Each structure stands twice: as structure tokens, then as C-alpha cells.
K.L.:
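Quick one: the structure is below, and I'll ask about it shortly.
We're numbering straight along the sequence, starting at 1. Every number for a ligand or one of its atoms is a count from 1 in the order of the listing. What you see below is based on every heavy atom in this structure, not just the backbone, and it leaves out hydrogens, waters and symmetry mates. Computed from a predicted model, the values in this text were never measured in an experiment.
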Amino acid sequence: MEEKIKKAPKKNTVESQMLVIFGSNGDLSKRKLLPAIFQLYLDELLPENFILIGAGSQEKDEETNRTEVYESLLQYAKAASIAESDKLQAFLQRLYYIKINNQNEEDFEALKNYIDRLSYSLNIPKNIIYYFSIPPFLYEVVAAHLVTYGLNTEEDGWKRIIVEKPFGYSLETAIDLDKKLRTGFNEDQIYRIDHYLGKETVQNIMVTRFSNGFFEPIWNRKYVDRIEITAAERIGVENRGGYYDTSGAMRDMIQNHLMQVLAIIAMEPPSIFDSESIRNETVKVLQALRPIRTAEIPNYVVRGQYIATEVDNILQEGYRQEKNVAPNSKTETFVAMKVFIDNWRWGDVPFYIRTGKQLPERVTEVIIHLKPAPHQLFKQRCVAQSTNMIILRIHPDAGVAVDFGMKIPGAGYKVQNVNMAFHYSDLAENKISEAYERLLLDCMIGDSTLYARADAVKASWKFVDPILQAWKNNPEIPLYFYECNTWGPNESNLLFGDKQLKWRVPFNKFKTI
Ligand code: BG6
């Protein structure tokens, strides 16, 4: 395959630029963005001439901002990074701050002047990334204000915006948001971030498939029986009840993260490895998803909600008791679904996707279940039923495992399933970057491969929106309750339509038997 993708930059080869974070005092900024940028700085991947401008609603001077960022880095950056305290001090000197009310158009004139001043005094070209770490209803407002003051024009340097999910609330609102953003920015200036695509192990799915001769020939309906994708979380909604209650697991995890993972698992090999070719292939998968009609929902989609449960003598609150959640909320905190991709490669192979909060483990993995050998010579001798699986573990304990039958040593031909696993942690000399580090750096060098393209976002909404509408309009479609620390409602196993089959219980260290 021709190698066309932009290479990882050599140290300090990224163009000089500024990063403006709208919502710089918020949770995302503190927990993820600032630690990621600091790490890029430590890894010497930021340009020599780089500044970070925080744009937030609080009134504070530059020094107070630096002190606050310092404190939040102490809390959220990796301990090893913090140990480099002289570098931390040097990093803080690259931070600037301006108070902005995002709703107030004139504040953007002040922002423009501030950028002009900094650009002049620090001799930084106006290559600018605007990071929208703000509530989604403000995306179009901020974009419009940037346009009003010409902060989107590229005559004096490139301009890019990074937009966090959710990209819209439904198909219609997603299309509308896109239209509004596109009035001031071209598609190649819009970076829709999906942090799952920034995960090293998600990218590795492509490498596993396309750089080895032996996976791809079996990666199709002839050899694959079914595919399971699980993204389980131990935590509940924590302090995000207000957001989550208007979102739910379908919008929060499936419409974006898991659809992107599905697309990478199911895509055709691109002819060249560049951003457009890869995204051309992934969008085709999403466009080929077989629609699920309202009447089919009970057989294809199971939704659930966690309830108050005593776990290890501690009472875990139910979803409806969480802060800022309606006491009679019907929002789903668990979804399991069966999905088909109507194309030649995958015709009639079911993809089972599930996600949920308050489950027993935090684990994301993809299981390719292969069809059994056509003639079962050792059927009578198996200790356990012989199964062939390829497990792509995204986290924790990232890696790849293959599960297959082996002869138990000794007389006769007794067969047992064994597991051959590669753990990323064994590549000890290579640290795995956090998703945000990788994605921010990609945007800085203008590589959008790992960002969602508008047509993919639209195709994914087109698939999930009718299900959301059906749930809304047909209250009789059940919402199953499940106890915390369980794998969600038992009804999710009925999706397999076969009493022998169940969701795999993910074990740490890929243990499968
Ligand atoms: C976020 C969702 O996008 O992804 C959260 O909004 C979820 O609800 C998180 O907890 C999961 O990400 P990860 O990387 O922990 O699997």
C-alpha cells in the first residue's frame, strides 16, 4: 500500500501556530486538553513558536490563569510529566488568557485585537486552531462571531476549528449545524473530534488488518460468523447528569465512537493510505448499514437503565437518583443492538454492539467470532467447545489475541481452547499516547484522517435517528432496568436469537476460557 499519510512530525517541525481554547476553564480543558498539550510540549512536538490562548468566561489576569493551569496540571497531568518542573514553568509562559462571553459578538473584536497584538509582539504567524470546548448550542454562535471579525480568513495564515461531539442531536440538527459551520469554514478547516479514533489501539485495527497477509483473507462473511463490539464502563453518569439525560447511550457512545470503530472494522482496504481514501472507505460502511424499522426494534435493539443496587455493602444510586436527572427519566444508560451491513463483504453477518454505564468492568473490545471448521473431527473430544476468535482489545490491557483449539498433551486427541495474546504493554520502549495528544497534534499538522468527516457523521445519524424517534414516539418499547455491577439487562442476550450464544464476558488479560 502506498504510504501517503503525513508522517509523524520530527521534533519541532510543526508550523508555528496559536491554539485558542474556547471554554478553557471547563472540565474537558482541565482534564484532557491541557495535559495533552503539556505532554506534546514535553515530547518536543510543539513548534518553537507556539502559544495557547485560553478564552473563558471568568475575569482573571494572565498570572492567575497560569497559576490555575499549573494547579490543574498538578491534578490531571501524568505524574511523570509533572516531575519535570522546570519544563512546566517554561510551558506556563506560553499561556495567555482573555475573558470572552461567547454570546457577545463584540468580545470577538477584543479577541481579534488580542490575537493581532500577540502575533505581532511574539512574531507568530496567524496559523490558528480554535478549539470549541463549549456546550454544543454555542458552536454556531462562536463560529459566526469568528466570521464577523474575519478570524476565519486564511490570507494571513491557516485557520482550523476543532468541534467536540455531539455533532447535532439528531439527523436534522446535525445537517443544520454543518450548514452553519460551513458558511464560514470549509470542510477541510473543520475537525470533528472523536477521541476513540485517537486511541492507538483503534488505529491499530487498520494496521492489524492491512499490514498482515493472514487476517484479511478471512475478514469476511465466508469465515466470520459474527462480530461483537463492547464498550463497557464501570462509572455511572457522575456529575454529567444534566447533559446525559438529554443524550443517553445511543447519542453519547453509539452514534459516534462505536459507529467509527465499526466502520474501521468493516471497511474495505483503501488503495492508498491517506485521509480522504480512508474516510471514503469508512463512510461507505456507515452508508451500508441496514435501517432498523420501528416494528423490528424489539428484535434488534435493547435499551436499559441502571437502578439502585447494593454493591459490596455500598448503595450505588440508580440513574434516576443521579443529580440533574429527571426522576422518571426514560434515558437509556445501556444499549445493545444487532446491526447488519448490506454489502458484499458482510452480507448477513451480524454485528453486535453494546455499551453501558455501571457495568462490572471498564473495557472496550472487538471480538471477531470465526465460523467453526467445516468438519469437526475432534468434536467428541473437546473439553470445552472449540471456538476461534480474534480479540482486539482497545482498553485496558490493549492488544490482540487469537483463540483456538489445541491438543491437550497426553494420550488421545483431547482438544482445549487456548489463547495467544499480544499485549501492547510488552512494547515497553514505546509509550502509548493519549488520544487527545495524537488528535491535537494531527490537527496542528493538518492531518484529518482521524477526525470524523461530515458525510460519516450524517450517515451515522441517518441510521440511529429512526431508533431514537421510535423510542420517543412509542413508550411501549421496553426500557429494561438492570442492577449496577451487572452486564446490563439479560434481554440483551436474546438479540442472538440462539440460546447457546451470549455476549462474551470480557476478562482482563484476554482470558477466554
Ligand atoms: C465520552 C462519553 O465521549 O466517552 C462518556 O461522553 C464516556 O460518557 C467516554 O464515559 C468514554 O470514553 P473512554 O475513552 O473512557 O472509553
Side-chain angles (χ1 to χ4, degrees), residues 23 26-33 35-36 76 78 131-136 139 162-169 174 191-205 228-262 264 303-306 319 322-325 329 331-335 353-366 392-399 424 432-440 450-452 456-457 460-461 464 468 484 488 506 508:
D27 220 40
L28 175 71
S29 171
K30 285 186 184 155
R31 283 173 188 266
K32 298 284 182 192
L33 306 182
Y76 297 114
K78 294 173 201 153
Y131 200 116
F132 290 16
S133 179
I134 46 180
Y139 293 170
I162 302 184
V163 199
E164 272 286 337
K165 67 158 243 278
F167 318 117
Y169 179 78
Y191 287 69
R192 298 170 196 82
I193 200 162
D194 184 314
H195 80 275
Y196 261 62
L197 291 179
K199 289 179 191 269
E200 189 70 40
T201 38
V202 172
Q203 296 150 32
N204 186 47
I205 296 172
E228 275 180 64
I229 304 176
T230 288
E233 294 188 88
R234 277 188 77 108
I235 53 170
V237 294
E238 299 193 303
N239 53 359
R240 298 162 74 221
Y243 149 75
Y244 197 88
D245 210 31
T246 59
S247 165
M250 186 69 98
R251 290 187 180 90
D252 187 52
M253 290 292 290
I254 294 202
Q255 187 276 331
N256 33 67
H257 305 324
L258 296 190
M259 283 294 149
Q260 292 289 349
V261 173
L262 170 87
I264 291 179
R303 58 174 170 166
Q305 191 185 80
Y306 61 84
Y319 176 69
E322 301 274 16
K323 199 165 150 225
N324 297 328
V325 167
S329 171
T331 299
E332 77 289 354
T333 58
F334 175 97
V335 175
I353 304 174
R354 72 174 163 170
T355 185
K357 294 209 182 271
Q358 288 287 14
L359 304 188
E361 303 260 0
R362 174 177 182 252
V363 56
T364 297
E365 65 176 23
V366 178
L392 305 166
R393 176 61 71 85
I394 292 169
H395 65 221
D397 189 22
Y424 253 93
I432 300 189
S433 309
E434 292 292 325
Y436 276 95
E437 289 167 33
R438 168 68 196 249
L439 292 171
L440 278 163
L450 300 174
Y451 283 84
V457 172
S460 171
W461 272 120
V464 304
L468 291 163
C484 300
N508 231 339

K.L.:
Can you sort out which atoms of ligand 1 are near H257, meaning under 4.0 Å from one of its heavy atoms?
P.N.:
1 (C), 3 (O), 4 (O)
K.L.:
Walk me through it: do N256 and Y196 pass the test side-chain hydrogen bond (donor to acceptor under 3.5 Å, both in side chains)?
P.N.:
CA-CA 9 Å; N256 33 67; Y196 261 62; over 6 Å; no
K.L.:
Could you list which atoms of ligand 1 come closer than 4.0 Å to a heavy atom of H395?
P.N.:
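Checking each atom against H395, I get 13 (P), 14 (O), 16 (O).
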K.L.:
Parallel, tilted or perpendicular, judged at 30° and 60°: which one describes the rings of Y306 and Y319?
P.N.:
perpendicular
K.L.:
I'd like to check which ligand 1 atoms, numbered from 1 as shown, lie under 4.0 Å from a non-hydrogen atom of K165.
P.N.:
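So the atoms of ligand 1 that pass are 1 (C), 2 (C), 3 (O), 6 (O).
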K.L.:
Specify whether Y191 and Y451 have parallel, tilted or perpendicular ring planes, treating 30° as the upper limit for parallel and 60° as the lower limit for perpendicular.
P.N.:
perpendicular
K.L.:
Tell me which one of R240, E164, R362 gets a heavy atom nearest to atom 15 (O) of ligand 1.
P.N.:
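Of the listed residues, R362 has the closest heavy atom.
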K.L.:
Before you tell me yes or no, could you show the steps for K32 and D27 under salt bridge (Lys or Arg N to Asp or Glu O under 4.0 Å), namely the whole-Å CA-CA distance, both residues' side-chain angles and the distance that decides it to 0.1 Å?
P.N.:
CA-CA 8 Å; K32 298 284 182 192; D27 220 40; over 6 Å; no
K.L.:
Just to confirm my output: which protein heavy-atom neighbour is closest to atom 14 (O) of ligand 1, and how far is it?
P.N.:
K199 NZ, 2.6 Å
K.L.:
For atom 4 (O) of ligand 1, grab the closest protein heavy atom and report residue, atom and distance to one decimal in Å.
P.N.:
H195 CE1, 3.3 Å
K.L.:
Go through ligand 1 atom by atom and flag the ones less than 4.0 Å from a non-hydrogen atom of K357.
P.N.:
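In order of number, 5 (C), 7 (C), 8 (O), 10 (O).
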K.L.:
So, does R251 use its side chain to make a donor-acceptor pair with the main chain of Y169 at under 3.5 Å?
P.N.:
yes
K.L.:
Mark the output for Y196 as yes if a heavy-atom distance to ligand 1 is under 4.0 Å, and as no if none is.
P.N.:
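It does, in that a heavy atom of Y196 comes within the 4.0 Å cut-off of ligand 1.
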K.L.:
Please report the closest heavy-atom contact between N324 and G242, naming both atoms and the distance.
P.N.:
CB-N, 3.5 Å
K.L.:
Heavy-atom contacts with E233 under 4.0 Å: which atoms of ligand 1 show up? List them by number with element.
P.N.:
7 (C), 10 (O), 11 (C)
K.L.:
Which pair of non-hydrogen atoms, one from V335 and one from E332, has the smallest distance, and what is that distance?
P.N.:
CG2-CG, 3.5 Å
K.L.:
Under 4.0 Å from a heavy atom of D252: which atoms of ligand 1 are those, numbered in the order shown and with their elements?
P.N.:
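This gives 2 (C), 5 (C), 6 (O), 8 (O) as the contact atoms.
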